[in-house]
Amino acid sequence: MIEFDDVTVRFGAAEAVRGVSVTIPAGALAVLVGPSGSGKTTLLRLVNRMATPSAGRVRVRGEDVAAADPARLRRSIGYVMQSMGLFPHWSVARNIGTVPALLGWPAARIAARVEELLALVRLDPALAGRRPAALSGGQAQRVGLARALAADPDILLMDEPFGAVDPIVRRELRAELTRIHAATGKTILLVTHDPIEALELATHLVVLREGQLVAAGEAAALAAPPAPPFLRALFGAEALALRRLSLLRVEGAALDGPAPAGAPVIAPEASLAEAWTLMQEHGAPVLAVGGRHLPWSALLPR
Ligand SMILES: Nc1ncnc2c1ncn2[C@@H]1O[C@H](COP(=O)(O)OP(=O)(O)OP(=O)(O)O)[C@@H](O)[C@H]1O
């Protein structure tokens, strides 16, 4: 869906991105993570041609972006930045309807879409007439997200989208994004320098250091021990272990044979993190999963 093929980006003598090759599958929530200055934003901006490769190729939906019309390409890809770039003199509704208006949608269709998006990002419809300055930071972020989703792009780029809000709102917004990703199946590419945020959100991780790709792949696989030393240093061993548990399903770890009578019951589609919580709550080392059982040892990395 999004392919970086041996891409290098130079700014003068400096190389912001160095020979990066990675493919982001359709429907992934891929998180670009790495220290400050590692090239995350530059890599993201290659996708909608806000940055240009000095060497190599970027393909979006199978097409070389160098051959695409930049304006059309940008309208087909949602973009959310930390500063959001909401127009201060426009209402929330008009801000959300920006791209549909550019695409020439009739007013009634735009109004219906704005209403739908306010519901999707869980904003009170009463806020539609307000100016951005009259919103909280978290509400403004939701407006930014709604605006990026307005024309229903299949790809969404997000650059530190939750950087400007406090930790509690940040957690809420992450949960919303996970829900919206699951509900819409969009391909999302998100930049963060926060490793915990990366592990919480990512189905796929792209780890950068000094412009080079350090690791890329499914988050569950990368989080599985033994994680490479750089990942352990970046994320912390505990966070990796917990993330691994939250990404794996009970049905994949349950063993044949029934659980002892009275064992707490867990659904096969629950995560191993939920199983662990249930075991702790009940002081039970084994859970029942239909006719199968999940011993605590099945939570350990194999
Ligand atoms: N337009 C530009 N002109 C010159 N150098 C740039 C430009 N954009 C980025 N760079 C440099 O390229 C390198 C990578 O920058 P980039 O913003 O992609 O990193 P990042 O990982 O997103 O960093 P941060 O987390 O601090 O935003 C940095 O050294 C930066 O100074």
Side-chain angles (χ1 to χ4, degrees), residues 2-24 28-60 65-66 70-71 73-74 77-86 137 140-141 144-145 148 155-167 169-171 173-174 177 187-217 219 222 228-236 239:
I2 302 172
E3 296 164 77
F4 300 92
D5 183 3
D6 201 9
V7 177
T8 293
V9 180
R10 289 186 203 98
F11 295 109
E15 288 186 333
V17 172
R18 293 197 259 169
V20 169
S21 294
V22 63
T23 298
I24 314 294
L29 199 172
V31 177
L32 306 182
V33 65
S36 183
S38 55
K40 307 180 293 292
T41 294
T42 306
L43 199 67
L44 186 83
R45 289 160 67 98
L46 286 164
V47 177
N48 65 0
R49 274 191 73 174
M50 290 174 71
T52 312
S54 311
R57 235 168 252 293
V58 181
R59 289 187 202 86
V60 172
V65 296
L73 183 72
R74 281 174 209 155
I77 295 174
Y79 186 50
V80 184
M81 309 174 268
Q82 181 174 341
S83 63
M84 286 162 300
L86 297 178
Q141 296 281 357
L145 179 58
I155 299 173
L156 197 55
L157 307 179
M158 307 183 82
D159 195 351
E160 295 274 3
F162 312 135
V165 293
D166 66 68
V169 175
R170 222 178 145 101
R171 208 173 309 138
L173 289 171
R174 279 184 214 157
L177 184 66
T187 307
I188 300 177
L189 202 53
L190 181 144
V191 165
T192 183
H193 65 271
D194 177 349
I196 302 298
E197 180 159 289
L199 285 175
E200 201 172 308
L201 288 171
T203 62
H204 290 68
L205 284 167
V206 177
V207 186
L208 293 170
R209 182 174 49 180
E210 293 171 5
Q212 286 178 304
L213 189 72
V214 181
L222 285 183
F230 178 70
L231 288 188
R232 281 207 303 270
L234 186 68
F235 294 119

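Remember, it's 1-based here, ligands and their atoms both numbered in the order they're listed. Model, not experiment: these values are computed from the prediction.
Under the 4.0 Å distance rule, the nearest protein heavy atom to atom 30 (C) of ligand 1 falls outside the cut-off. Per-atom contact check: atom 3 (N) of ligand 1 touches the protein, criterion being a heavy-atom distance below 4.0 Å.
Of the protein's heavy atoms, Thr41 CB, 3.7 Å lies nearest to atom 17 (O) of ligand 1. Summary of contacts: the protein heavy atom closest to atom 6 (C) of ligand 1 is Phe11 CD1, 3.2 Å. Of the protein's non-hydrogen atoms, the one nearest atom 18 (O) of ligand 1 is Thr42 OG1, 2.5 Å. Scanning all protein heavy atoms for the shortest distance to atom 26 (O) of ligand 1 gives Ser36 OG, 2.6 Å. The shortest contact between atom 12 (O) of ligand 1 and any protein heavy atom is with Ala16 CB, 3.1 Å. Ranking protein heavy atoms by distance to atom 25 (O) of ligand 1, first place goes to Lys40 NZ, 2.9 Å.
Between Gly37 and ligand 1, an N or O atom pair is found at a separation short of 3.5 Å. Checking only distances, Ser38 does come within under 3.5 Å of ligand 1, N or O to N or O. Not a single N or O atom of His193, backbone or side chain, sits closer than 3.5 Å to an N or O atom of ligand 1.
In this structure, Gly211 does not count as a contact residue of ligand 1, since none of its heavy atoms falls inside 4.0 Å of the ligand. Not a single heavy atom of Ala14 sits under 4.0 Å from any atom of ligand 1. The shell of residues lying under 4.0 angstrom from ligand 1, judged by heavy atoms, includes Gly39.
Here the CD1 atom belonging to Ile24 is positioned 12.5 Å from the CD1 atom belonging to Ile188, to the nearest 0.5 angstrom. For the atom pair CE of Met158 and CG of Leu32, the computed distance is 12.5 Å after rounding to the nearest 0.5 Å.
The part of Pro35 lying near ligand 1 is the backbone, judged by heavy-atom distances below 4.0 Å.
Within a 6.0 Å radius of CZ in Arg74, more than 12 heavy atoms belonging to other residues, nucleotides or ligands are found.
Each of Val206, Leu205, Val214, Leu208 was checked for a side chain to side chain contact (heavy atoms under 4.5 Å, CB included) with Val33, and the lone residue meeting it is Leu205. For the side chain to side chain contact (heavy atoms under 4.5 Å, CB included) test with Phe162, the passing option among Thr192, Asp194, Leu177 is Leu177; the others fail.
In this structure, Leu46 and Pro53 have side chains that are in contact, with non-hydrogen atoms separated by less than 4.5 Å. The shortest side-chain heavy-atom distance between His193 and Ser36 does not fall under the 4.5 Å cut-off. When side chains are defined from C-beta on, Leu145 counts as touching Leu156, because their heavy atoms get closer than 4.5 Å.
Scanning both residues, Leu157 and Leu44, for their nearest heavy atoms gives CD1-O, 3.8 Å. Residue Pro35 comes nearest to Lys40 through the heavy atom pair O-NZ, 3.0 Å, listed as atom of the first residue, atom of the second, then distance.
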